[in-house]
Amino acid sequence: MNIILLGPPGAGKGTQASRLEADRGMVQLSTGDMLRAAVKAGTPVGLQAKAVMEAGELVSDAIVSALIGERLDVADTANGAIFDGYPRTEAQAEALDLLLSERGRKLDAVIELAVNEDALVERITGRFTCAKCGAGYHDTFKQPAVEGVCDVCGSDEFKRRPDDNAETVRTRMAEYRAKTAPILPIYEARGIVHRVDGMADIAQVTTEIEAILDRLT
Ligand code: AP5
Ligand code: MG
Ligand code: ZN
């Protein structure tokens, strides 16, 4: 099964994708994570993407669709992919259809995480991750069980994203409204959009998504 998690910055796409990955053997494909890895490694893509990401704007369609295409050629995606943060424009939505059909696969569902925008700035500015294993946390909503120690790997080093400040978040939301929200009707016309309440607590959102996926299999 191949699904898209769609929602604005801070909606919980990454949080839910990694929970589904652990529960279902599907693979999370996050263009944001791929781009951050490219920036860190200083690849040509990373050099092009860095300033754009720090400004909260969108990286070019060609770059992100190429990253997804390469990733879909790795065998682990054959059991199912969770697209997290992709597609984000109409051109990317068209590219994804093509990338999947070329590989004899198709899109099964689009899960829309419906959230109240006022809550998102707090979610994003409170977010931090383990510097070693990448596990996600939040100052208010998801502290590690032992303060200062990662639940997953025991590391005591954490980091925050350079684009997680209140000003950049507003640009990211404006980009979402202008360029990403308009792709929903494409999928609505196909009858594959499922809406979940992204304001519920993290485990409850996962339960809702799992129920939808169970009905589809
Ligand atoms: P990307 O990394 O995709 O960022 P984003 O879309 O802005 O989304 P976030 O990662 O901020 O939010 P999320 O929905 O994953 O929320 P999370 O689960 O972490 O993209 C970054 C940049 O890369 C873009 O701005 C762009 O420049 C570029 N880019 C990436 N993809 C691109 C593409 N396809 N095309 C062009 N450019 C692209 O949750 C947030 C916090 O809230 C966490 O701390 C979490 O613990 C907490 N939380 C989550 N769920 C809940 C809940 N239910 N209740 C309470 N707290 C919760
Ligand atoms: Mg994310
Ligand atoms: Zn860790």
Side-chain angles (χ1 to χ4, degrees), residues 4-20 28-39 45-46 48-68 82-89 91-93 95-96 111 113-116 119-144 148-165 168-176 179-180 183 196-209:
I4 295 173
L5 295 183
L6 193 72
K13 303 181 294 292
T15 301
Q16 295 303 326
S18 61
R19 292 169 64 92
L20 294 170
Q28 173 185 9
L29 303 189
S30 159
T31 41
D33 288 348
M34 293 174 199
L35 290 167
R36 280 183 287 279
V39 169
V45 163
Q48 259 184 282
K50 186 169 189 284
V52 180
M53 293 174 78
E54 278 173 12
E57 289 160 8
L58 294 186
V59 174
S60 81
D61 292 332
I63 287 182
V64 292
S65 293
L67 289 172
I68 289 288
I82 307 163
F83 297 99
D84 160 9
Y86 179 91
R88 263 172 144 96
T89 63
Q92 292 179 27
L96 178 60
I111 309 286
L113 296 169
V115 283
N116 169 355
L120 300 181
V121 174
E122 186 191 7
R123 279 203 192 170
I124 288 177
T125 53
R127 170 170 55 191
F128 62 98
T129 54
C130 172
K132 198 171 158 207
C133 76
Y137 297 98
H138 191 279
D139 292 330
T140 313
F141 307 122
K142 191 177 181 279
Q143 279 284 350
V149 182
C150 175
D151 294 343
V152 179
C153 76
S155 164
D156 60 2
E157 275 181 62
F158 296 90
K159 61 180 184 186
R160 290 180 191 258
R161 277 170 43 180
D163 61 342
D164 278 353
N165 56 75
T168 307
V169 168
R170 291 189 205 288
T171 308
R172 284 158 59 194
M173 285 190 189
E175 290 281 76
Y176 179 82
K179 295 171 186 164
T180 308
I183 71 177
V196 303
D197 175 12
M199 297 308 295
D201 70 43
I202 292 172
Q204 178 60 35
V205 177
T206 310
T207 305
E208 272 192 55
I209 298 173

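These numbers come from a predicted model, not from an experiment. By convention here, the first residue in the shown sequence is residue 1. First listed ligand is number 1; within each ligand, the first listed atom is number 1.
- Residue contacts with ligand 1: Gly136 is excluded, as none of its non-hydrogen atoms falls under 4.0 Å.
- Residue Leu35 touches ligand 1 through its side chain alone, judged by heavy-atom distances below 4.0 Å.
- The distance from ligand 1 to the heavy atoms of Arg36 drops below 4.0 Å at these ligand atoms: 2 (O), 21 (C).
- Here Val64 has side-chain heavy atoms under 4.0 Å from ligand 1, and that is the only part of it that gets that close.
- Remark: ligand 1 and Gly14 share an N or O pair separated by less than 3.5 Å (distance only, no angle test).
- When heavy-atom distances to ligand 1 are checked against a 4.0 Å cut-off, Ser30 has no atom that comes that close, whether in backbone or side chain.
- Checked against a 3.5 angstrom limit, the closest N/O atoms of Asp201 and ligand 1 fall outside it.
- With a 4.0 Å heavy-atom cut-off, ligand 1 is reached by the side chain of Gln92 but not by its N, CA, C or O.
- Residue Lys13 places at least one N or O, backbone or side chain, under 3.5 Å from an N or O of ligand 1.
- Taking every non-hydrogen atom of Tyr137 and a distance limit under 4.0 Å, the qualifying atoms of ligand 1 come out as 44 (O), 46 (O).
- Residue Arg161 touches ligand 1 through its side chain alone, judged by heavy-atom distances below 4.0 Å.
- In terms of protein heavy-atom proximity, atom 18 (O) of ligand 1 is closest to Thr15 OG1, 2.5 Å.
- Seen from the Zn ion (ligand 3), atom SG on Cys133 and atom SG on Cys153 lie at an angle near 110° (rounded to 10 degrees).
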